[in-house]
Amino acid sequence: MRALNILYIAAGFLLIFSSCELLNYDGPDAQFHGAIVDEETGDTIPQDIIDGSVIDFIEQGFKVPATQVLIIKVDGTFRDNLMFSADYKMLPARGNFITPDTVNITLAPGDNTYDFQVRPYSRIKDVQLEIAEQGGDNYLLAKFKIDQLTDDPVKSIMLAVDKNPNVGRRFNEAFFERPVGSVVGPEEEQLLWILLSRFTEGDEYYIRIGALIDIPEAKYNWNNAIKLDPNTLPLP
Amino acid sequence: MKIFYILFLIVFVGLSGCDDYFEIEPTNKISADALFASEEGVEAYMANLYYQAPIEDFNWHSWGLVSWGVSTFNFRENNAGSFPIIMTDEAVNSEYDNIALDPWSFFWWDDGYRFNKDINLLFDAIPGLSLDQEEKNKLYGEASFFRAYTYFELAKLYGGVPIITEVGDPNDESTLYIPRSTEKETWDFVLASLDTAIVYLGDDIAVNRRASKWVALALKSRVALHAASVAKYWSRAPLSGEAVNNELVGGMTEEDAQRYYEECISASEQLINSGLYSLYCPYPANPDEAAENYRQMFKDPALAPEEVIFIRGYTLQEHGHAFQLWAETNQTKESWPFGGRFNPIIELVDAYETYSDPGHSAPVITTADGDYYNYNGYDPSRNYLEFDNPLDIFADKDARLKASLILPMSEWKGQQIIIQGGIIKTDGSLIIEGAGQETVDGNTYYSFGAATENLHSGFLHAATHTRSGFLVRKFLSEDFHPKAIWASCTSDWIEIRYAEVLLNYMEAVAESGQGDIVEAANYLNAIRRRAGHTTDIALTLENVLRERRVELVFENKRYWDLIRRREHHTEFNNRDRHALVPVFDLRAMKYIFVRQKVTGSSTWTFPEHNYYKPIGGNTVNRLIQNPQY
């Protein structure tokens, strides 16, 4: 009797589910990577890890298209290994470069690469670090110059320090931000400093120097993080 | 086995005849027609609308629907003390200080439109009600007032929103998918709704718990100032994207700003010139009297009908609020386990003027070098100012400071509230924000000022003890004894008061150059005189804004001031918030004060796109989302 019951139930299930087919979308099948590249120098453009430049992208073919965001890494490269192969409109936006035109990109299944050629708002150059003494306190002094690529004033300059190389505007152990408020010449020397007592002896630190141009939604233009070498730069 | 077949057959046959079974009226609900058929029904409906209205009172908290699955308004359970004052430069929360970083905070999309539907149902019902025309007009005015309140809240949070003035028809898509209006159209709609309310509402001033012409005028003063500020200062934090291109956020001009300032000025003038309102206790004999008058008004708004324009009242326990449950000092919270959550920061205390130097913020000076910007903690090489009584350091400060804050070692409920952060031992070693003691001449001195943690209220690094050196006094009642019931506080909330209208007027005059600058200066000095000041100061934007910050402190206005003036992202740019730590120096037997970062607090940055909140459900409602969400 029991075996018969099981048979009935099995037959019932078979009958009920026989018309079902697996209803599911395909998983992500494309990888997309590349970099935000300075169109003049060919270098990647360093970014902030928190609130940095992004790539807005819209997958085509939906009735209500939603804008999604790809975050650019500190070194100016980006990678998303879980994209769908489809047509996209992409735009690097709200960044530290002049917003380029929207590009149509078709991602094929598998590996895809694309470099966005853009013009940064400014470049940090000729960075020199030294120890300076002032009023009995020792400071790490940074001298540098700014190449401005637009006519807008420099809003502020900033020096940020952290033990992590992703150091930036909102990712730091210590920072010094100085308002500027004017256009600066390419040979004008800029100064930023930070108390040496903010560092712990024996620890490794990374420092970055940035300039923020006074343009709506602009982000800082940074140099590549400099690793402070305890041997050449004696910390207290 | 057979029984199942029989049962199945009975159920099948039994139900086969039911075709209109699901169409009977539910017996546990009242239909709209029945509700609006009686006067009591209408009253009950109105009471529900007042309950739902987005009044930013003690039960308004920042953890919105998405974060916590609860509503932003009218939340009467444990809200973790997430009152909006901790999202500004007024105070930190001793337990959670990262609440502000959530962009979904203050979420009011679903609830806002649900409320809007209830208002639209009322609009639909009014013509058919069996009331006389005068009563109908009043209801129509009241409905318009609610509509304005709703869209004001939505515009503050989201910018331009869909303006829905009719109940949607489920069978007609065009009534369901209504696109967003521009931000400017939304502000204009709020102001127009208020104009309608002003025309139709009654003008009885005694009615301060229900909308009247005067309440609507006062709200209009607030709305117009908000709109004007957004129009004027949008460019301080401009955004980009589809919503911006369609002017759903931003897109207002300098002319719009001037027009809104003018609206603020004219609404405020109408209310002021009516002569019906005045400041409560305008001429105190001395600062102490000023402080007590000011404090009493918030403890019991019923004392000040001349100043209070609109109140939200509470009467029943469990249907009140939890402000004092979260704010009560550790020493006076009795058996209640919480309290001590709101810790005003030293930057707020600095903003209060002194009587000897009117017209300027007076930062608390703790060292001989006067460097109040040094927050690096105790430094033995600096020369600290010494005080016999910790209260002496605040001696000359504006009376509203001690009326709004519990200062270290000040009195509350007949007790001295011990807020001390450390001692310097006789050998010169420092114990700060940690347990320690030393016995000198037979007396034992403890780092926290008392032997056990229930005898003091500060710096223990427990949520019940202040981390900033200050606690909130405003709104608190010495007659209240915490008991284990959430929302058992029943002190009333002043939603709009006359001083705010005066401050709105002054700001609009100072910003736009319109209006009467002499009268505006008189109003500024009247508010200051009520606080014990005797020297008049000039009407400048700086003076007006400082006065606003101090006069309206903790009244949930500061958050919107930072938003509408687009100052939140510059005020909170990698910002730390700071404490004033009283330390007892056993070498001199005197108190010194250390300015330093609030222990355990994080560094805040306000992202610019947070000026507009994310719109809910936009994949379904087909609306254009705000930038960067």
Side-chain angles (χ1 to χ4, degrees), chain A residues 1-2 4-5 8 48-56 58-59 62-69 71 89 91-95 98-99 102 135-137 155-156 158-162 167-179 194-195 197-198 210 212 214-220, chain B residues 1 4-5 98 101 103 173 177 179 233-245 249-251 369 371 373-377 379 381-382 566 569-570 572-576 597 602-612 614-615 617-629:
Chain A
M1 192 63 190
R2 175 163 293 182
L4 205 61
N5 271 350
Y8 276 135
D48 265 310
I49 190 73
I50 302 176
D51 274 350
S53 313
V54 294
I55 300 167
D56 281 346
I58 301 173
E59 186 177 343
F62 288 96
K63 201 172 174 186
V64 189
T67 304
Q68 299 178 73
V69 167
I71 290 171
K89 282 188 187 301
L91 176 68
R94 304 185 294 281
I98 294 166
T99 307
T102 303
D137 289 317
K155 196 171 182 179
S156 53
M158 182 168 181
L159 179 155
V161 180
D162 200 274
V167 55
R169 176 170 173 246
R170 288 181 59 190
F171 189 127
N172 58 62
E173 267 186 25
F175 70 92
F176 177 36
E177 190 173 25
R178 242 180 115 184
I194 204 153
L195 265 174
S197 56
R198 302 297 295 264
L212 179 64
D214 198 351
I215 292 174
E217 300 186 302
K219 305 293 187 298
Y220 266 93
Chain B
M1 203 63 199
F4 288 108
Y5 291 122
N98 55 357
L101 304 176
E173 230 188 46
Y177 293 103
Y233 291 115
W234 198 87
S235 59
R236 282 182 173 173
L239 299 162
S240 64
E242 205 184 350
V244 180
N245 298 341
V249 296
D369 59 25
D371 180 7
Y373 204 67
N374 183 333
Y375 291 111
N376 296 331
D379 175 356
S381 69
R382 295 178 79 195
R566 295 296 191 261
H569 72 289
T570 40
F572 284 93
N573 175 18
N574 275 321
R575 174 171 183 164
D576 289 329
K597 184 178 173 180
S602 47
T603 304
W604 274 9
T605 296
F606 182 89
E608 292 174 24
H609 65 272
N610 272 15
Y611 282 118
Y612 295 98
I615 282 179
N618 74 310
T619 47
V620 179
N621 58 26
R622 302 182 193 168
L623 297 177
I624 296 170
Q625 182 57 285
N626 276 334
Q628 300 177 45
Y629 290 110

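Per chain, numbering begins at 1; letters A, B, ... match sequence-line order. All values below come from the heavy atoms of this structure, side chains included, with hydrogens, waters and symmetry mates left out. Not measured: the values here are computed from a predicted model.
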Check: Under 6.0 Å from the CZ atom of A:Arg198, do we count more than 12 heavy atoms belonging to anything else shown?
Finding: no

Next item on the list: Could you grab the distance from atom CD of A:Glu217 to atom CD of B:Gln628, nearest 0.5 Å is fine?
Entry: 5.5 Å

Notebook entry, point to check: Does atom CD1 of A:Ile215 have more than 12 heavy-atom neighbours, drawn from other residues, nucleotides or ligands, at distances under 6.0 Å?
Noted result: yes

Note to self: I need the B:Ser240 OG to A:Leu91 CG distance, nearest 0.5 Å.
What the structure shows: 8.5 Å

Item checked: Point-to-point distance, once rounded to the nearest 0.5 Å, from OG1 of B:Thr605 to CD1 of A:Ile50 -> 8.5 Å

Note to self: At a 4.5 Å cut-off on heavy atoms, which part of A:Gln68 comes close to chain B: side chain, backbone, both, or neither?
What the structure shows: neither

Check: For B:Ile624, is it the side chain, the backbone, both, or neither that has a heavy atom closer than 4.5 Å to a heavy atom of chain A?
Finding: neither

Notebook entry, point to check: Is there a side-chain contact between B:Glu242 and A:Thr67, using heavy atoms and a 4.5 Å cut-off?
Noted result: no

Check: Is chain B contacted by the side chain of A:Arg169, its backbone, both, or neither, given a heavy-atom distance below 4.5 Å?
Finding: both

Checklist line | Contact class of A:Phe175 relative to chain B, heavy atoms under 4.5 angstrom | finding: side chain

Notebook entry, point to check: Taking atom CD of A:Glu173 and atom OG1 of B:Thr603, what is their separation to the nearest 0.5 Å?
Noted result: 11.0 Å

